[in-house]
Amino acid sequence: MPIFASLEVAAFMRVGLFLVVGVFGAAQAEVPSSVKISDSDLNRGEVRQPCLNSDPQRQVFFGDTHVHTKYSLDAGTQGTRTSPADAYRFARGAEIGVQPWTADGKALRRLRLDRPLDFAVVTDHAELFGEVEICQVPSFEAYSSWQCKIYREAPRLAFFLFNTQSSRGKRLGMCGENGDLCRDAGLRPWQEIQQAAEDAYDRSENCEFTSFVAYEWTGASANLANLHRNILFKNKQVPVLPLSFVDTPSAPLLWDALDRECVNAGTGCEVLVIPHNSNLSDGYMFSLARDDGKPITVADAKQRARLERLVEVMQHKGSSECYYDPFNSADELCAFEQLPYSSFSDKFIGKILPFVSKAPQPNGGFIREVLRDGLEQEQRLGVNPFKLGFIASSDTHIGAPGAVAEKGFLGHGGAGVPVGDTVPEGLPDDLEFNPGGLAAVWAEENSRSSLFEAMQRRETYGTSGPRISLRFFGGDASLPEDICERSDYVAQGYDHGVAMGGDLLLDESAEAPVFTVFAKMDAGRTGRSGTPLQRIQIIKGSVNKEGQRDEVVIDIAGDTDSSAGVDLQSCETQGSGHAQLCGRWQDPQFDPTENAYYYARVLENPTCRWSQQICIAAKVDCKNPDTIKPGYEQCCSAAHRPVIQERAWSSPIWYSPSGDLSEVVSKAGVNNENVTAEVQP
Amino acid sequence: MRQLIRSRLLHFTIVGFVLYVVNGHFERQNQRVLTCLTPSQRAVLTADWAQVVGRAPTANELSQLVNVALDEQMLVSEAMLQGLHKSDQVIIQRLLRDADFLGIKGDSQDKIDAVLATGVAAGDEVVRRRLIQLMQHASALNLSGLAPSKDELDTIYSQRPDLGVVPLRLSFEHVFFDSSHSNARARAEQILRENTQDSVRGDVFLDGNHFSNLNRVAITSKFGEDFSLALASSAKPIGSWFGPLQSAYGFHLVRIKNRNEAYRLSFDELAPELEEIWRRERQAQAWNAYVEELRDNYKADCHAAI
């Protein structure tokens, strides 16, 4: 998430906050005190008790891998006081206080998840750890440095300068000539983040919650387009300091540094790099050029494919799945949560000069196209640098992982409307933003090693919020015709195919590949049933030998012409749907000579979007101007999308005609020690 | 002796000493007076509040905001009187940067002295926060040797029944009957009567048929609230099939294989956590008491005036 969010944020009660929070205000994570583990308790390479709940056919775990707390400049400057430990407590079901705060330190809002998460990852911006530490202590920052003289006179200008400096990869003057002061000062927050992750991790046999040490690398291109990536470590072995955009001012430099200081450091450090918001990257997120402008090499592609195995398909700041053009796009579902601009610069420009703001572009970094870039590169290099599995997350800037329900959305703060009380009139976030999504991981058990390995092999999917269960297998015709009716569906899938994230390994004599998708609707939460499913689709993207690109979207199960809908006056849903859906599909247009990917998309019946729910609660009637109170004008704007069709996106399964893949994923998958995909040297 | 008494050197010394004492006293008096917030400063507090909360603060809220600002002023003043700014590296570096920004020349000490003389330091957000942090740290250190009594920890243990609760966990298997198929309930009941429960006789449930060591939250996540509640409250013996229980997806025949009742960790198991809670409470109390005591030492007309 962009630090530029602070542009939108006023400094809040600069006097009162500090006193109250202090060293005593930051709540500590509840340490599981009953867990007794010795160094001899090695399980899956971890020092931990073995999980009682472990399933070789894997189970789905829901989490949030993108969470900002008070250590992120753009969170702290809008009143977020949630510490990393608090965020993990929240993810496990505890209540936290949410800004705004009273002068005596009481939160005006409280928030609690109605369903705890299975895992969470705090990913504060690494660029300003040190600045935060020097300038604030113990909890705040940013009105600081000698630039605070400017800030006192023109705070918004000061913040702009502050953030611009960071997103250009430069330290502030307060950090000393070489930035050492800030770098050194960043140690303590980084250690606190590590400690909070350790304290929250359930190493007992119950395996109820997993945390990871992580941070966000907040990079930007020369035109300030978004290049942000979350850096997630498998275990406690992490670099001494996070490698920020200031230290590694390009993605290739970041990968090199991660290889140097983590992967090849000999410490047991393992890392995943997860890009996000390629929809705001103006096409720079997945550049095919090296820093020197030359095309990427085989080595570059291998390095990238090894480190960047997942991408956020959707989050608070929109969907990155596919580009939607209302006049030309065949897939109307690509309009889902598409932002109306191509970068954050354009967002801010658009507020002043709407006609100058650049709209999203087909080549603006949308994943469906990036995946095809990857296929093309595989034809050129023999390696696919963009073999990206899918997850979704929240990118919350109020330290509230998993708060992704449309109902009761309070705003996530990041780059949107500064977080406010529920009392103030108006929408709590920018209209184009949303509550974000969840990361779903198919793993044997809820432990770091199991989840991390699942993420490495891309057996993951993203949802726009609901906890939809989704299986996706691809194989040959040996996938049974009646697989959807078989109680051993999962075993058949693993036995005769590969799971999402894998590569099809077809015999030369094999017919067209066969896929099967099984989805189960969200069971709902206390007092609220889940929304039935409408249909399952498979999206195929391909590039043939001549470089021609193609795309097909196929409904394989459910109701293509569903009449299910939602009453926009009451938000009551209408029509029927499916508690579970399953389909088996063989690609009738399969060409064994072209590279292709396939992924599944599962759609719920339509429901009211968060904004519509708030507009209704405020009794806004767009036909009656008297009912449109200040702050609710957007309810009646042309840009308002009152309906949402929540969904899940599986990681793709790839097909390569060469068969000489750069990666080998075990077909059997389950019960195979070598299931983790590794790039061949 | 008389010569000594007439000595001008002595006279100058005495006069100088008296002036030093008077000046010191005067300065200390001055330093212990809080400067009331100007209307523009109060307007800034009001605007900041309104921007975040979406409305202007009430009179009471504004009063609290102003009081907190005055408390900060007091704490910074006290910290500087205690000389905390002279030895802390963060503040020293900060003062040097302030000096550079203001164009002050000279060696480090000259720069620091000059910046302090301008009064800029007390207005520097970073210095102020750092000073208060140092005072809080010192306050916490004063308690470092203290240890809670068993009675005190017992009190926390009994007053916080939510601490250390380990929830009910169930291991079970089920046979599923999809309600989108016809006669789901009847099929389930028939199989129960025939005692021929087997997953192949039911429909496919995506999450599988066997579950191990799940708490109620996890069960709810997979089956829905109604099923979870019915299963958790079931008094059926371990190992026997019962049902059908209704879920968000259909009907289920269920057999509980293991049931670990909810319990609470013992006092001894929670002792480290209880001690930490006790310590945080004591630190907060000590700090509040210290701030309260300081308020008595400062002219607090502004507190009264608000």
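In what follows, every chain begins at residue 1, and chains take the letters A, B, ... in the order their sequences are listed.
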Residues in ring pair (Phe, Tyr, Trp, His ring centres under 6.0 Å) contact with A:Phe518, at least two apart in sequence or another chain: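 Once residues adjacent in sequence are excluded, the partners of A:Phe518 under the ring pair (Phe, Tyr, Trp, His ring centres under 6.0 Å) criterion are A:Tyr489.
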Pairing residues for B:Phe227 by the ring pair (Phe, Tyr, Trp, His ring centres under 6.0 Å) criterion, not counting sequence neighbours: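 Per chain and number, B:Phe227 pairs via ring pair (Phe, Tyr, Trp, His ring centres under 6.0 Å) with B:Phe223, B:His252.
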Would you mind checking which part of [X] comes under 4.5 Å of any heavy atom in chain A, side chain (CB onward), backbone (N, CA, C, O), both or neither?
{"X": "B:Leu214", "value": "side chain"}
{"X": "B:Arg279", "value": "neither"}
{"X": "B:Asp226", "value": "neither"}

Proximity breakdown for A:Cys207 and chain B, heavy-atom pairs closer than 4.5 Å: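 Contact with chain B is absent: no heavy atom of A:Cys207 under 4.5 Å.
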A:Asp488, part contacting chain B, at a heavy-atom distance under 4.5 Å: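 Nothing of A:Asp488, per the 4.5 Å heavy-atom cut-off to chain B.
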Residue pair A:Lys520 / B:Lys222: nearest heavy atoms and the distance that separates them: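 For A:Lys520 versus B:Lys222, the nearest heavy atoms are NZ-O, 2.9 Å.
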Residue pair A:Ala523 / B:Gly224: nearest heavy atoms and the distance that separates them: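 What the structure gives for the nearest pair is CB-N, 3.4 Å.
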Test side-chain contact (heavy atoms from CB on, under 4.5 Å) applied to A:Pro480 - qualifying residues, sequence neighbours left out: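 So A:Pro480 forms a side-chain contact (heavy atoms from CB on, under 4.5 Å) with A:Asp482, A:Ile483, A:Arg486, A:Gln492, A:His496.
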Main-chain N/O of B:Val204 paired to A:Gln580 side chain as donor or acceptor, under 3.5 Å: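 It does hold such a pair.
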Expected output: side-chain B:Ser212 to main-chain A:Leu52 donor-acceptor under 3.5 Å: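 Yes; at least one donor-acceptor contact below 3.5 Å.
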Heavy-atom check, side chain of A:Ser469 versus side chain of B:Asp207, under 4.5 Å: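 Touching, per the 4.5 Å side-chain cut-off.
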Sidechain N-carboxylate O distance under 4.0 Å for A:Glu208, B:Arg169: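 Yes, charged N to carboxylate O under 4.0 Å.
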When B:Asn213, B:Leu206, B:Asn209 are compared by non-hydrogen pairs under 4.5 Å with chain A, the top option: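 So the answer, after comparing B:Asn213, B:Leu206, B:Asn209, is B:Leu206.
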Contacts of residues 171-179 of chain B with chain A (heavy atom under 4.5 Å):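 Only B:Phe176, B:Asp178 of residues 171-179 of chain B have a heavy atom under 4.5 Å from chain A.
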